[in-house]
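To keep things clear, I will list the structure first and then write my remarks on it.
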Amino acid sequence: MMIRVILTSILFLCISQLLFAQDANYWSGNYGPGGFFTPGAVIANNKDSGVLFYNPALQALTKKKTASISGTVYQVESIKIKNGAGTGKNLHSRITSSVPQMLSGIVSVGRRKPIYVGYALTHTSVLNYNVSQQQDTKLNVVGGNGNPALEYYIGQYNFQNVTRETSALISSGFKLSNRWAIGFMAEGQSRSQHYSENFTARALVGDNTSSTMPLASNEGAYQVDYHHIGLKLKMGFSYEVTKHHFGLLLSSPLIHLRGRGTLLSNNAIANVRFLDQEAINLLASTRQTGLKTNYKTPASVALGYAYDYHKGQVYMAAEYFLKIKDYNILTPRPEIFERPDTGSNNSSTIALLEMREGRKAIFNMSVGVSYQLKPQLTGYCSFRTDFNYADRKDTDGFLPNTSTWDNYYCQLGVNIKRRQYNLRTGILLGYGHTGNYQQPINFDDPKESNLLTGTIGTVPATRMTAALMIAFIHNL
C-alpha cells in the first residue's frame, strides 16, 4: 500500500509540472461594451451606426435597415514568458493572423408597424499560443552529491493552446415611451479548444564512455480537444433625455446545450531514484473519447452612459461578472490510467486528468470619446480594462488558460459617413504584464528529486496585441 501511495504521488508530481494557466479574461474581444470603436458594441448609445447593438434596447432607436461586415484585417499578438523554461530559455509565442470578426445587420418585419430585428455572426480568436524550448547540455543530474560526475541531459518542452469562439445572435428592441426602450437577445455560442502540453527529460547515467549506459527519463503528455455549444439570453433597457443616454444590460449564465471532448495522456518514468528510493519505473496512459464537456460563463450586469456635446460624444461603460465556483470543463471516465492494473489504479484517474477552472467576480470599465473632425469625418478613442478572473482553489487536474494577468486595451479610429454607408477603421493596442508567473518547467537544475524537470519558480510574463480593424455599414 505504501508503494502504491508513493507511486501515485510521483505520478501526480510528474503531471503537476504541466499545470500551466492561460487566458482568463472577458473583455478581450472587440465586440463588447468596452469596444467603443466597434459599431453598435455599446450599452448606452452609438448614433453613427445601425448595426446589431450590444444592448438590444438600442435597436428601438433606429429606423433603418443595414448590413455590416466588420473584421480584424491584420493582427499581431505576442506572449512572452521570460526564462519560462530556465535562464535564457524564454517561452515566446508570436502569431500574425487575419480574422473576420463580425457579419451583422438589421432587417424590418412588417409594413404598417415594422419590427426591427438584428442578426449577427461574430468570431473571436480567443487565444493562439504555441511555444517550444530545449536544453541540451552536461549537468550533474543523477545521484546528487554522491555522484559528482556530469551526465548528458536533454530536456524538451512544447505547449499549444488554441481557443476560438463563434456566436450567432438575434435580437429586437421596442419603445416603451419617448424615453424608455427595452430589448431582448438570444446568443448561441460555439467554443472549441485544442490544448496540448508535452515534456521529456532524459539523462545518460554512467561514466559517459560506454555505448550501453542506462537512461534515466521522465516524459509527460496531456492533450484535450473539445467543442461546446451553449445559449446566453440578454435583456437590455435604454433611457434617453436630451443629451444624456443611459443603458442597462442583464446577461444570463451560459446555458449548456451540448459538449464533447477527447483526452489523450501519457506519462512514463524510468530509472529515477525519487526520495532515495530504489530506481522507479512508472507507466501511465489513456485515451478517452466522447467525454461530456460543460463550459461555463457567469451572469453579468452592464451599465453605460453617453453624453452628447457640440462636437461629439463622451461614453462610459462598466460590467460586473459574478463568481463561478470550481467546476470541471472536461471530466474523464474512471478508467485505468496507471500500470500495472492492480484493481484500484482507476481511483485517481479523474483527479489527475480532469480539466478544471474557477472564476472570481470581475468588474471591468471603459471610457470613450468621439470628436467630429469634419462634417463627414468623426474620430474615436477608447480605453478599457480586461481584468483576469482565474481563481482555482484546488490543484487537481489541468487549467484551461494561459495569461493569468490583467490586460489593458486602447482603440483609435475614424468613421467616414456617407448617405449610403459608414466606413469605420482604426487600430487596437493591448498590453498586459505580470512579474509572478509560474514556470511550467525549469531546465536550470534538473535532479532526481524533482523528477528531472527542475525546481519551479516564478518569472515575468508579457502579452502585447496590435490589430488593424475595419467595419463597413451599408444602409439598405
Side-chain angles (χ1 to χ4, degrees), residues 10-22 78-95 127-143 150-162 194-206 208 211 213-225 263-274 279-287 352-353 398-399 402 437-461:
I10 292 173
L11 185 60
F12 185 82
L13 177 60
C14 173
I15 293 178
S16 68
Q17 304 300 315
L18 296 175
L19 294 177
F20 192 60
Q22 210 158 347
S78 171
I79 300 178
K80 183 177 181 179
I81 316 298
K82 187 176 181 179
N83 302 323
T87 304
K89 303 292 183 181
N90 300 330
L91 298 175
H92 192 187
S93 175
R94 184 186 292 111
I95 300 295
L127 181 68
N128 192 347
Y129 182 76
N130 193 348
V131 295
S132 64
Q133 196 52 266
Q134 175 170 313
Q135 174 73 286
D136 187 350
T137 187
K138 293 179 71 174
L139 294 170
N140 181 207
V141 177
V142 178
L150 300 179
E151 289 85 26
Y152 287 102
Y153 174 81
I154 297 179
Q156 288 186 332
Y157 175 80
N158 67 82
F159 182 41
Q160 184 178 31
N161 196 349
V162 180
H194 169 75
Y195 181 109
S196 177
E197 192 165 17
N198 304 271
F199 76 88
T200 60
R202 302 178 179 126
L204 287 173
V205 182
N208 297 326
S211 61
M213 290 181 292
L215 181 70
S217 66
N218 182 6
E219 304 176 20
Y222 181 84
Q223 179 176 313
V224 161
D225 291 274
L263 163 69
L264 177 70
S265 184
N266 292 282
N267 290 89
I269 302 176
N271 200 30
V272 176
R273 299 178 183 274
F274 180 67
I280 291 174
N281 296 280
L282 180 66
L283 179 64
S285 180
T286 189
R287 181 178 184 271
L352 290 173
L353 300 179
F398 290 76
L399 303 172
T402 292
Y437 194 86
Q438 181 174 302
Q439 295 171 302
I441 200 166
N442 187 356
F443 292 136
D444 287 345
D445 66 335
K447 302 289 184 182
E448 287 184 295
S449 59
N450 55 43
L451 299 175
L452 312 184
T453 59
T455 303
I456 302 304
T458 57
V459 293

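- Taking N90 as the reference, nothing meets the side chain to side chain donor-acceptor pair (under 3.5 Å) condition, with sequence neighbours excluded.
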Quiz item: Which is it for R202 and E219 under the side chain to side chain contact (heavy atoms under 4.5 Å, CB included) test, yes or no, and what are the steps along the way?
Solution: CA-CA 8 Å; R202 302 178 179 126; E219 304 176 20; 3.0 Å; yes
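- The side chain to side chain contact (heavy atoms under 4.5 Å, CB included) test applied to T455 returns D445, N450, not counting sequence neighbours.
- For F443 and Y157, the ring centers sit 6.0 Å or farther from each other.
- Contact check for F274 versus E448: no side-chain heavy atoms found under the 4.5 Å cut-off.
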Practice problem: Could you walk me through whether L452 and V272 pass side chain to side chain contact (heavy atoms under 4.5 Å, CB included), step by step? | Solution: CA-CA 8 Å; L452 312 184; V272 176; 4.2 Å; yes
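- Looking only at atom types and distance, the side chain of Q160 has no donor-acceptor partner in the side chain of N158 under 3.5 Å away.
- Side-chain contact of T87 with D444: a donor-acceptor pair under 3.5 Å is present, judged by distance alone.
- Looking at heavy atoms from C-beta onward, L215 lies out of side-chain contact with V205 at the 4.5 angstrom threshold.
- Side-chain contact between Q133 and L91 is present, with heavy atoms from C-beta onward closer than 4.5 Å.
- Relative orientation of the F398 and Y222 rings is parallel, given thresholds of 30° and 60° on the angle between their planes.
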Exercise. Decide side chain to side chain contact (heavy atoms under 4.5 Å, CB included) for Q223 and H194; before the verdict, give the C-alpha distance in whole Å, the side-chain angles of both, and the deciding distance to 0.1 Å.
Key: CA-CA 8 Å; Q223 179 176 313; H194 169 75; 3.9 Å; yes
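- Side-chain contact, Y437 with Q439: no donor N or O sits under 3.5 Å from an acceptor N or O.
- Here the side chains of N267 and L283 are not in contact, with every heavy-atom distance at 4.5 Å or above.
- Here the side chains of V142 and R273 are not in contact, with every heavy-atom distance at 4.5 Å or above.
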